[in-house]
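No hydrogens, no waters, no symmetry mates; every other heavy atom, side chains included, goes into these values. Read the numbers this way: they start at 1 and go in the same order the structure lists the ligands and their atoms.
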Amino acid sequence: MSDYELRASIIDGKALARTHRGMAAKRAADLQAEYGKRPGLAVVLVGDDPASRVYVRSKARACENVGLASFQHTLPADTTEAELLELIADLNASEDVHGILVQLPLPDGLNEAAVIESISPQKDVDGFHPYNMGRLVAGSPVLVPCTPLGIIELIKSTGINIEGKDAVVVGRSNIVGKPAAILLLQQNATVSICHSRTARLHEKVRAADIVVASVGKAGFVRGDWIKEGAVVIDVGINRTEDNRLTGDVDFEGAAKRAAFITPVPGGVGPMTIAMLMCNTVRAAERIIRGTAENAGAGV
Ligand code: GUN
């Protein structure tokens with residue numbers, strides 16, 4: 001692809017993530033100065049999925065960068081649900097831990113819903129607990145899933161006004177598609193959630209001012225589906241045969257038509273981790289300030 005053909009501005013997720021990590025670091029330092037406590041994130045990895053191991057390592061690195069304490073728990077793939085729930089109960093009770101993240105997917109035999117529901121909603125920095133999901137849908141969010149939060153920040157960073165825009169979210173997962181659609185709705189976009197059974201998907205994408213692609217299939221959203229001047233957010237992280245990372249959108253084709261597009265890598269991925277840092281600081285602020293206020297009030 002020559003630069004001549006490229007029309008879209010590429011949204012720099014790495015730079016935006018740096019800015020947000022900086023803001024999280026400042027708030028973490030303020031907490032430390034005020035209360036002498038450092039926000040802490042516990043990350044639980046069960047089994048040895050190589051992609052999950054990479055993600056977990058980058059989360060620990062981000063904690064270090066932002067000045068958060070990080071506690072990593074790596075359990076064998078044959079861990080029982082009772083053992084995992086016991087660890088989560090300990091983390092729920094720990095004063096040093098303000099955020100708990102259990103890396104998904106879990107190995108077969110572990111009930112993901114039961115595990116997620118065992119995490120204290122106050123420490124649920126993934127925002128996957130039904131309490132936090134319910135708060136999001138009800139319009140009074142507390143802890144919101146990280147990737148969708150990052151998606152909204154990436155769109156806002158372009159300077160476009162989301163209000164009144166037609167947005168199409170391709171993918172309906174609890175982790176990305178559904179919460180991203182709710183957040184776009186809260187920003188007053190008109191939102192369609194499309195999925196594997198959607199009829200005439202390309203027509204729906206062609207009508208969209210904002211496209212969020214989260215299907216997990218390399219190049220699934222074709223370049224000629226993109227409306228001229230659209231904002232394209234590519235959530236996909238797919239490995240090619242020659243071991244490169246590539247998104248769910250045909251980048252070269254889409255970049256000829258879009259006004260703004262996120263690259264893979266360097267778009268959504270870094271923002272997800274930055275938002276995890278922000279959520280951990282937010283959870284810590286609520287827990288630490290709440291505790292201190294309660295103590296002060298003699299409760
Ligand atoms: N696996 C893929 N994305 C995520 C995420 O955002 N959180 C967790 N816990 N696991 C994931």
Side-chain angles (χ1 to χ4, degrees), residues 13 17 20 24 41-63 68 70-75 77 79 84-85 87-88 91-92 97-108 110-121 123-133 136 141 143-154 169 171-183 212-217 233-239 245 247-248 262 264-265 267-280 282-283:
H20 283 274
L41 172 67
V43 177
V44 180
L45 173 63
V46 188
D48 49 13
D49 179 69
S52 290
R53 250 187 296 145
V54 172
Y55 296 145
V56 164
R57 234 189 343 248
S58 46
K59 286 165 188 173
R61 237 192 340 257
C63 282
L68 311 189
S70 97
F71 308 94
Q72 195 162 326
H73 297 267
T74 306
L75 306 179
T79 299
L84 180 54
L85 294 182
L87 169 61
I88 292 170
L91 297 173
N92 282 340
V97 172
H98 307 95
I100 301 169
L101 180 146
V102 178
Q103 186 66 31
L104 303 177
L106 289 170
D108 289 346
L110 295 174
N111 180 342
E112 226 159 76
V115 170
I116 288 169
E117 286 185 39
S118 76
I119 297 170
S120 162
K123 297 189 178 184
D124 168 40
V125 285
D126 259 329
F128 296 162
H129 190 286
Y131 174 81
N132 284 313
M133 286 290 215
L136 175 63
L143 291 169
V144 176
C146 303
T147 300
L149 270 182
I151 290 169
I152 297 296
E153 293 298 334
L154 286 160
V169 178
R172 55 176 157 178
S173 69
N174 287 338
I175 295 183
V176 181
K178 283 185 212 165
I182 302 285
L183 288 180
V212 176
S214 179
V215 276
K217 285 187 191 151
I233 307 294
D234 191 345
V235 185
I237 303 178
N238 310 288
R239 252 194 212 278
L245 290 181
D248 289 349
T262 58
V264 177
V268 172
M271 277 303 286
T272 293
I273 297 181
M275 294 297 104
L276 176 64
M277 299 299 106
C278 295
N279 272 356
T280 304
R282 180 166 163 74

Query raised in the report: Short N/O distance, under 3.5 Å, between Leu101 and ligand 1?
Result: no
Query - Donor-acceptor contact present, side-chain Thr147 to main-chain Val176, <3.5 Å - result: no
Query raised in the report: Starting from atom 8 (C) of ligand 1, which protein heavy atom do you reach first, and at what distance in Å?
Result: Asp126 OD2, 3.4 Å
Report summary line: So the atoms of ligand 1 within less than 4.0 Å of a heavy atom of Val102 turn out to be 8 (C), 9 (N)
Report task. Just need the protein heavy atom nearest to atom 11 (C) of ligand 1, so name the residue and atom and give the distance. Result -> Gln103 NE2, 3.5 Å
Requested in this report: Measure the spacing between CG of Asp126 and CE of Met275 and express it to the nearest 0.5 Å.
Outcome: 14.0 Å
Query raised in the report: Would you say the side chains of Gln103 and Lys59 form a donor-acceptor pair under 3.5 Å?
Result: yes
Report task. Look at atom 10 (N) of ligand 1 and say which protein heavy atom is nearest, naming residue and atom and giving the distance to 0.1 Å. Result -> Leu104 N, 3.0 Å
Requested in this report: Could you tell me whether Thr272 approaches ligand 1 through its side chain, its backbone, both or neither, with non-hydrogen atoms closer than 4.0 Å?
Outcome: neither
Query raised in the report: Can you find an N/O atom of Phe128 closer than 3.5 Å to an N/O atom of ligand 1?
Result: no
Report task. Nearest 0.5 Å please: distance from the CD1 atom of Ile88 over to the CD atom of Glu117. Result -> 11.5 Å
Query raised in the report: Quick one: are Val44 and Leu91 in side-chain contact, heavy atoms under 4.5 Å?
Result: yes
Query raised in the report: Is the shortest heavy-atom distance from the side chain of Met271 to the side chain of Ile151 under 4.5 Å?
Result: no
